[in-house]
Amino acid sequence: MEWFKTLNWAGVLEWLNTIVASLSQLLATAGVPEEYRPLAAFGLLYLGVTVVVLLFVLLLLKLLRKGKKPQTDEEVVAVEPEPEPEPEPEPEPEPEPEPEPEPTPGVLERFKNGLAKTQSSLVGRVDNLLRGRTSIDGDLIEDLEEILITADLGMATTQQLIKTLESSRSKGELASPDQVRQLLMEELAKILRFEGQQLDVTSAAPFVIMVVGVNGVGKTTTIGKLANQFARDGKKVVLGAGDTFRAAAAEQLQIWGERADVEVVCNVEGGDPSAVAFDAAKAAVARKADILLLDTAGRLHTKVNLMEELKKIRRVLDREIPGAPHEVLLVLDATTGQNALTQAKLFNEAVPLDGIALTKLDGTAKGGIVVAIAAELQIPVRFVGIGEQLDDLRPFDAEMFVSVLFDTK
Ligand SMILES: Nc1nc2c(ncn2[C@@H]2O[C@H](COP(=O)(O)OP(=O)(O)OP(=O)(O)O)[C@@H](O)[C@H]2O)c(=O)[nH]1
Ligand SMILES: [Mg+2]
């Protein structure tokens, strides 16, 4: 307040007087009558001072805002929202993080996920039985027998496995739980392994695959997945829509054909499936295709006339392409368990089967059926379906299957 007292008020008044006088002169030149000039001059002075004070306040606010940078989160919260926030300086662009690897799990992991239910119904129970055992006795083998049967390995296969276990035990080769586990793995792989397990489509051109099976097991889906994989491998593929029975069956195959970018040969709905087989075989030869995949209508294995129809299709194919079909692939749905064995036996009687595609392993605890199929039918399992995605049909590999099944870590 000291400065206030020491201020030269007389000087200030004189200075104001000078300004008012100059303003009056200015007003005179603007034609303002003399009696209004002092009032107008004061008015102008008042306005001018107000503008200067306002500008000063604004400048002060701006300076304050610049100087005050919040340091902590609490301070940020405490800061009053500002009427016109200064645009924050653009933060330094963070270096782009390396793109995450695709979340699609690897083949082994997909297999493991697909076999999870079968694993717990078979290996999980075997491990529970073996846990904490120091010796292997007859009771344990009996309990093991029950587990194998209920895990859909089938009576005959289970008996065969139990016989091997018993004979090892009597020779003193089965002293620890680990040895039981190991022997089971070896024996299962032995049953599942086949000479020429993988389908070799290079042995003929066009290589004709006729796909058969009961309703809804996954024939068309399997054809779609195979077509995609073959096409991706650079093969020229033709599809034959031999299911003329079910409405929209040809459309379903056509969608798969579009996805794989391969030709689909169709005929009228309700037409003769042998005629489709004929047209498809002709088209495959004309286009110099590497592979012809022929879909057929789902049929009950117990319906004799329908099984006869398959024989006719087979004959037609053979007439057009000698030696065809090179592969009659039976599609079985793993969720049907032991019923799949009956289907396979009856189909095999009508049209000798070359291989099996076991679908829907992902949705079932009955995956042990694959062992029963291989052991009792002596037909190689070529493919297994572990889901509905394009890549979820995998070539079957006995060693891999067993090691994934017993990998409980
Ligand atoms: N989870 C799962 N589903 C599958 C698998 N394979 C096929 N499916 C499903 O099974 C259902 C039937 O498949 P389709 O291919 O139409 O069966 P289809 O044998 O051709 O049937 P029909 O022509 O009617 O005899 C579809 O919903 C498929 O997505 C698999 O491996 N896993
Ligand atoms: Mg179908």
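For the numbers below, each heavy atom of this structure counts, side chains included, while hydrogens, waters and symmetry mates do not. Atoms within a ligand are numbered from 1 in the order they appear, just like the ligands themselves. Only a predicted model underlies this, so the values are computations on that prediction, with no experimental measurement involved. For this chain, numbers begin at 1 and follow the sequence in order.
At a heavy-atom distance under 4.0 Å, no atom of D295 approaches ligand 1.
Between V123 and R181, the closest heavy-atom pair is CG1-NH2, 3.7 Å. Residues I386 and R394 come closest through the heavy atom pair CD1-CG, 3.8 Å. The shortest heavy-atom contact between A284 and V238 is CA-CG2, 4.2 Å. Nearest approach of L300 to L306, heavy atoms of both residues: N-CD1, 4.4 Å. Closest of all the heavy-atom pairs between L292 and L239 is CD1-C, 4.3 Å.
In terms of polar-atom proximity, defined here as any N/O pair under 3.5 Å, V217 does make such a contact with ligand 1. Inclusion of N215 in the set of residues having an N or O under 3.5 Å from an N or O of ligand 1 is not warranted.
In summary, the atoms of ligand 1 found under 4.0 Å from a heavy atom of G216, numbered by their order in the structure, are 12 (C), 17 (O), 18 (P), 19 (O), 21 (O), 22 (P), 24 (O), 25 (O). Near D243, the atoms of ligand 1 lying under 4.0 angstrom from a non-hydrogen atom of the residue are 23 (O). Heavy-atom proximity to G385, at under 4.0 Å, picks out these atoms of ligand 1: 31 (O). Here is the list of ligand 1 atoms found below 4.0 Å of a heavy atom in I386: 31 (O). Atoms of ligand 1 lying under 4.0 Å from at least one heavy atom of T221, given by number and element, are 7 (C), 13 (O), 14 (P), 15 (O), 28 (C). Residue contact check: R246 has heavy atoms under 4.0 Å from atoms 22 (P), 23 (O), 24 (O) of ligand 1. Each of the following atoms of ligand 1 lies closer than 4.0 Å to a heavy atom of G298: 25 (O).
Closest to atom 25 (O) of ligand 1 among all protein heavy atoms lies K219 NZ, 2.8 Å. Scanning the protein for heavy atoms near atom 1 (N) of ligand 1, the closest one is D362 OD2, 2.8 Å. From the protein, the heavy atom lying nearest to atom 29 (O) of ligand 1 is E388 OE2, 2.5 Å. In terms of protein heavy-atom proximity, atom 5 (C) of ligand 1 is nearest to K360 CG, 3.6 Å. Looking only at heavy atoms of the protein, atom 17 (O) of ligand 1 is closest to G218 N, 3.0 Å.
Among pairs with a residue in residues 349-370, those fulfilling side chain to side chain donor-acceptor pair (under 3.5 Å) read D333-K360, at least two apart in sequence or across chains.
Here E399 pairs with R193 under the salt bridge (Lys or Arg N to Asp or Glu O under 4.0 Å) rule; sequence neighbours left out. Not a single side chain to side chain contact (heavy atoms under 4.5 Å, CB included) links T29 to another residue, sequence neighbours left out.
Using 4.0 Å as the threshold, D392 has no heavy atom nearer than that to any atom of ligand 1. Residue contact annotation: A249 has no non-hydrogen atom under 4.0 Å from ligand 1. In this structure, Q252 has a heavy atom closer than 4.0 Å to ligand 1. Residue contact annotation: G213 has no non-hydrogen atom under 4.0 Å from ligand 1.
Each protein N, O or S atom less than 2.8 Å from the Mg ion (ligand 2) was counted, giving 1.
Between the side chains of Q197 and D397, no donor N or O sits under 3.5 Å from an acceptor N or O.
Open room surrounds CD on Q389; 12 or fewer heavy atoms of other groups in view lie less than 6.0 Å from it. Heavy atoms from other residues, nucleotides or ligands lying under 6.0 Å from CG of N215 number more than 12. Within a 6.0 Å radius of CZ in F245, no more than 12 heavy atoms belonging to other residues, nucleotides or ligands are found.
Salt bridge annotation for K312-D272: present, with a cationic side-chain nitrogen under 4.0 angstrom from a carboxylate oxygen. Between R125 and D143 there is no salt bridge, since none of the side-chain N atoms of the basic residue sits less than 4.0 Å from a carboxylate O of the acidic one.
By the 30° and 60° cut-offs, the orientation of the rings of F401 relative to F111 is perpendicular.
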